[in-house]
Amino acid sequence: MATKKITTLFTDLGGVLLTNGWDRSSRNAATKHFELDVEEVQERHHLTFDTYEVGKISLDIYLDRVIFYEPREFSRQEFKTFMYNCSRPHEDMLAMMRELKAKNNIRIAAVSNEGRELTTHRIKSFNLSSFIDFYIVSSFVHFRKPDTDIFKIALDTAQALPQEVLYIDDRAMFVEVANQLGIHGIVH
């Protein structure tokens with residue numbers, strides 16, 4: 001059987017193109033900066049983050065549950081700004097993606113687990129739409145990796161066969177799930 005040409009690239013955002021958006025180290029930095037109880041924040045985060053990441057609650061509701069369930073000495077906007085500032089680009093990967101798109105005329109899609117407001121901030125701040133054609137993000141489609149439905153939505157949106165897609169993610173399990181659908185995968 002002949003190998004199909006790769007026409008579409010699926011990539012994760014956090015851990016591949018950018019730093020992870022709101023991971024444990026970012027939360028730990030926030031607890032130090034804002035003098036919060038790290039165990040309490042981690043526990044409350046653990047109990048509610050999946051609901052935020054799958055798009056069922058807003059960032060404000062997430063923050064109400066995790067941070068602002070009691071009065072604070074800082075504002076909600078100060079905390080959001082801190083969260084957003086945790087995102088950093090992996091400039092080498094951004095440059096490589098732009099070059100791949102230009103040289104190979106491929107479609108690029110973000111397939112990522114992230115909250116809506118964080119994703120929107122990252123798309124604008126790092127000009128991701130300059131090379132990403134579409135976004136299949138957990139908070140937009142209401143499925144999270146490793147659910148195969150998020151990859152099926154990406155394939156349907158791309159109108160690509162699995163063997164025509166290359167997927168890059170920093171989590172081996174997510175690459176394995178994509179492989180089970182026939183998508184070529186690379187652990188970054």
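Checked for salt-bridge contact, Asp12 and Arg171 miss the test: no charged N lies under 4.0 Å from a carboxylate O. Here Glu114 pairs with Arg122 in a salt bridge; the nearest charged N to carboxylate O distance falls below 4.0 Å. Remark: Glu70 engages Arg72 in a salt bridge, criterion side-chain N to carboxylate O under 4.0 Å.
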### Message
Under the criterion side chain to side chain contact (heavy atoms under 4.5 Å, CB included), I'd like the reasoning laid out for Tyr167 against Asp169: C-alpha separation, chi angles, the key distance, then a yes or no.
### Response
CA-CA 7 Å; Tyr167 173 55; Asp169 200 303; 2.3 Å; yes
### Task
Could you give me the CA-CA distance, side-chain angles and deciding distance for Glu117 and Ser58, then say whether side chain to side chain contact (heavy atoms under 4.5 Å, CB included) is met?
CA-CA 8 Å; Glu117 295 87 347; Ser58 68; 3.6 Å; yes
### Task
Any chance you could lay out the side chain to side chain contact (heavy atoms under 4.5 Å, CB included) test for Leu118 and Ser87, step after step, and finish with the verdict?
CA-CA 9 Å; Leu118 184 60; Ser87 292; 4.1 Å; yes
### Pair Asp23-Ser26, side-chain hydrogen bond (donor to acceptor under 3.5 Å, both in side chains): steps then yes or no
CA-CA 5 Å; Asp23 62 4; Ser26 296; 3.0 Å; yes
### Message
Go through it in stages, so that I can follow the logic: the residues are Phe82 and His33, the test is ring-ring contact (aromatic ring centres under 6.0 Å, His included), and I'd like the CA-CA distance, side-chain angles, deciding distance and then a yes or no.
### Response
CA-CA 9 Å; Phe82 186 93; His33 180 81; 5.1 Å; yes
### Query
Between Val66 and Phe49, is a side chain to side chain contact (heavy atoms under 4.5 Å, CB included) present by the stated rule, with each step listed?
CA-CA 9 Å; Val66 178; Phe49 190 69; over 6 Å; no
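The side-chain contact (heavy atoms from CB on, under 4.5 Å) test with Glu164 is passed by exactly one of Ile6, Ile106, Thr7, Ile183: Thr7. Checking Tyr52, Phe68, Tyr69 one by one against Tyr62, the ring pair (Phe, Tyr, Trp, His ring centres under 6.0 Å) holds for a single residue, Tyr52.
Going from atom CD of Gln77 over to atom CG of Leu63 covers 10.0 Å, rounded to the nearest 0.5 Å. The structure places CE of Met97 at 11.5 Å from NZ of Lys101, a figure rounded to the nearest 0.5 Å. Here the straight-line distance linking atom CD of Gln42 with atom OG1 of Thr31 works out to 7.0 Å at 0.5 Å rounding. With values rounded to the nearest 0.5 angstrom, Arg107 atom CZ is found 3.5 Å from Thr8 atom OG1. The line from CG of Leu36 to CD of Glu73 is 11.0 Å long, rounded to the nearest 0.5 Å. Atom CG of Asn113 and atom OG1 of Thr119 lie 9.5 Å apart (nearest 0.5 Å).
Counting only heavy atoms from C-beta outward, the side chains of Lys152 and Leu181 approach each other to under 4.5 Å. Counting heavy atoms from C-beta outward, Val41 and Glu39 have side chains that stay 4.5 Å or more apart. Between Ser130 and Asn127 there is a side-chain heavy-atom pair separated by less than 4.5 Å. Using a 4.5 Å heavy-atom threshold, the side chains of Arg27 and Trp22 count as touching. Side-chain contact between Val54 and Ser139 is absent, with no heavy-atom pair separated by less than 4.5 Å. Taking 4.5 Å as the limit, every side-chain heavy atom of Phe10 sits out of range of all side-chain heavy atoms of Ile108. Using a 4.5 Å heavy-atom threshold, the side chains of Val165 and Leu155 count as touching. Annotation: side chain of Lys145 is in contact with side chain of Val111 (closest heavy-atom distance under 4.5 Å).
The number of heavy-atom neighbours closer than 6.0 Å to CD of Glu35, taken from other residues, nucleotides and ligands shown, is 12 or below. Heavy-atom neighbours of Met173 CE from other residues, nucleotides or ligands within 6.0 Å: at or below the threshold of 12. A 6.0 Å sphere centred on CG of Asn105 holds no more than 12 heavy atoms belonging to other residues, nucleotides or ligands.
Note on Phe151 and Val187: same hydrophobic cluster, where clusters join Ile, Leu, Val, Met, Phe, Trp and Tyr whose side-chain heavy atoms are under 4.5 Å apart, directly or indirectly. Linking Ile, Leu, Val, Met, Phe, Trp and Tyr whenever their side-chain heavy atoms come within less than 4.5 Å puts Met96 and Leu18 in one cluster. Clustering ILVMFWY residues whenever any of their side-chain heavy atoms sit less than 4.5 angstrom apart, transitively, puts Val175 in the very cluster that holds Ile150. Both Ile123 and Leu94 are members of a single hydrophobic cluster when ILVMFWY side chains are connected at heavy-atom separations under 4.5 Å. Grouping the Ile, Leu, Val, Met, Phe, Trp and Tyr side chains by contacts below 4.5 angstrom, directly or via other members, places Phe140 apart from Ile57.
Ser75 places a side-chain N or O within 3.5 Å of a backbone atom of Glu78 that can act as its donor or acceptor partner. Asp147 places no side-chain N or O within donor-acceptor distance of the main-chain N or O of Phe143, the cut-off being under 3.5 Å. Here the side chain of Thr19 pairs a donor or acceptor atom with the backbone of Cys86 at under 3.5 angstrom. For Thr157 (side chain) and Ile153 (main-chain N/O), a donor-acceptor pair under 3.5 Å exists by modelled atom type. With hydrogens and angles disregarded, no donor-acceptor distance shorter than 3.5 Å links the side chain of Glu43 to the backbone of Glu40.
Taking the six-membered ring where tryptophan is involved, the planes of Phe79 and Phe74 are essentially parallel, since the angle between them stays under 30° and well short of 60°.
Closest heavy-atom contact between Pro89 and Phe126: CD-CE2, 3.4 Å.
Tyr135 and Ser112 share no side-chain donor-acceptor pair at under 3.5 Å.
A search for salt bridge (charged side-chain N to carboxylate O under 4.0 Å, His left out) contacts involving Asp50 returns Arg144, not counting sequence neighbours.
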